[in-house]
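This report refers to the structure that appears directly beneath it.
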There are 2 protein chains.
Amino acid sequence: MAEVAASLSIGQVAERTGLSVHALRFYEHEGLFVNPVRRGPGGRRVYSQHDVDWLTVCVILRASGMPLPALRRYADLVRQGAGNEGERLALMREHQANVTTQISKLAESLDLIRFKVGVYEDSLGLDSAGDRQCHAPAPSAPSHPTEIRIGHAGVGLMNTPPGG
Amino acid sequence: MAEVAASLSIGQVAERTGLSVHALRFYEHEGLFVNPVRRGPGGRRVYSQHDVDWLTVCVILRASGMPLPALRRYADLVRQGAGNEGERLALMREHQANVTTQISKLAESLDLIRFKVGVYEDSLGLDSAGDRQCHAPAPSAPSHPTEIRIGHAGVGLMNTPPGG
DNA sequence: CTAGGATCTAGAGTCGGCTCTAGGTCAAGT
DNA sequence: ACTTGACCTAGAGCCGACTCTAGATCCTAG
């Protein structure tokens with residue numbers, strides 16, 4: 001049905017994964033591959049579809065902020081084979097927690113940003129043709145009780161320099 | 001009701017904003033303040049509540065990934081005073097777009113991560129005591145049609161080294 | 001034979017955003 | 001008088017994750 005063991009050059013893998021050829025060599029150097037990269041005639045790297053699949057996972061994990069050491073650790077665990085699923089699970093769960101925290105922090109920031117956008121739209125007389133929900137989510141009560149109060153002094157005063 | 005013009009030392013501002021004193025001096029050097037920081041006896045910096053409010057905004061924008069040059073541009077606009085709301089709006093809208101893209105990319109990555117977590121939980125015989133929704137959101141159809149297919153070869157094969 | 005392009009290695013350079021150091025001033029406490 | 005601690009300036013250093021360079025090798029096409 002499908003050739004599982006197609007041989008790919010570094011350039012082809014770069015194309016398919018979105019990583020640069022430099023980055024691919026760098027990743028190899030950093031021990032991020034599960035299995036050693038084979039070499040063809042002339043010492044050139046030969047990759048398989050397995051490698052591309054693994055790299056695809058790597059790219060996604062990197063895109064969500066997993067640092068290279070964690071990625072290396074994960075590669076190590078996978079390389080060792082079955083038996084360490086507990087550790088892999090722990091690693092993934094930790095990353096999952098990091099990502100969800102990241103997302104919720106961004107969502108919080110987005111409250112302020114939306115509010116600012118609303119303020120400027122209003123000050124321009126635009127009524128934001130069909131993009132905003134209702135008026136603007138009140139950023140003074142930003143879903144989680146935080147210490148920062150941007151509602152009163154902050155947002156209001158910050159639109160003009162205090163000399164005005 | 002409230003003292004609007006309280007004088008704060010750099011240390012106090014660091015405490016209130018979460019920025020380090022180093023970072024505060026650095027921000028000043030980089031032109032990120034709306035109004036020039038006053039100096040007290042002995043040349044020491046004197047901050048007002050206005051500064052703290054502005055910095056609070058800065059911290060949130062930074063936390064959502066706005067680079068310092070954009071922050072500086074924004075400070076410039078605010079410093080110039082009324083009349084450039086259009087530019088401020090554009091800047092904020094662009095950042096808003098960046099943040100929402102960021103969030104949705106993270107959410108996409110989270111699909112894979114959750115899937116992996118599910119795989120390892122299953123392989124350990126855990127049935128994930130009350131955390132997962134149902135089984136796992138299918139990561140092979142990740143909300144937007146992307147080029148990467150992690151559903152078939154990827155996730156499945158990557159749990160064991162190819163030598164197994 | 002020659003030229004072009006892809007690849008190789010080892011290692012240096014880049015970038016953003018701070019962080020830290022060195023060397024000094026100043027005010028308060030003992 | 002002396003120490004402590006917060007502050008000052010200018011500039012060097014750091015970290016992560018690549019990116020780029022130099023100089024060599026190899027393959028293919030004309």
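All chains are named by letter (A, B, ...) in the order of the sequence lines, taking the proteins before the strands, and each is independently numbered beginning at 1.
- Residue B/Gly11 comes nearest to B/Val21 through the heavy atom pair CA-CG1, 4.1 Å, listed as atom of the first residue, atom of the second, then distance.
- The number of heavy atoms from other shown groups lying within 6.0 Å of CD (A/Gln12) is above 12.
- Of all nucleotides in DNA chain C having an atom under 4.0 Å from a heavy atom of chain B, the first and last in 5' to 3' order are C/dG17 to C/dC26.
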Requested in this report: Could you encode protein contacts along nucleotides 3-17 of chain D as a string, one character per nucleotide from 5' to 3', using B for base contact, S for sugar-phosphate-only contact and - for no contact, with a heavy-atom cut-off of under 4.0 Å?
Outcome: ---BSSB-------S

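- The side chain to side chain donor-acceptor pair (under 3.5 Å) check on A/Arg45 picks up A/Glu28, with sequence neighbours excluded.
- The heavy-atom pair separating B/Arg39 from B/Val46 by the smallest distance is C-CG2, 4.1 Å.
- The aromatic rings of A/Tyr74 and B/Tyr120 lie perpendicular to each other, with more than 60° between the two planes, well past the 30° mark.
- B/Leu106 contributes atom CG, which lies 11.0 Å from atom CG of A/Asn98 (distance to the nearest 0.5 angstrom).
- Ion pairing between a basic and an acidic side chain is recognised when a charged N comes within 4.0 Å of a carboxylate O; B/Asp76 and B/Arg73 show no such pairing.
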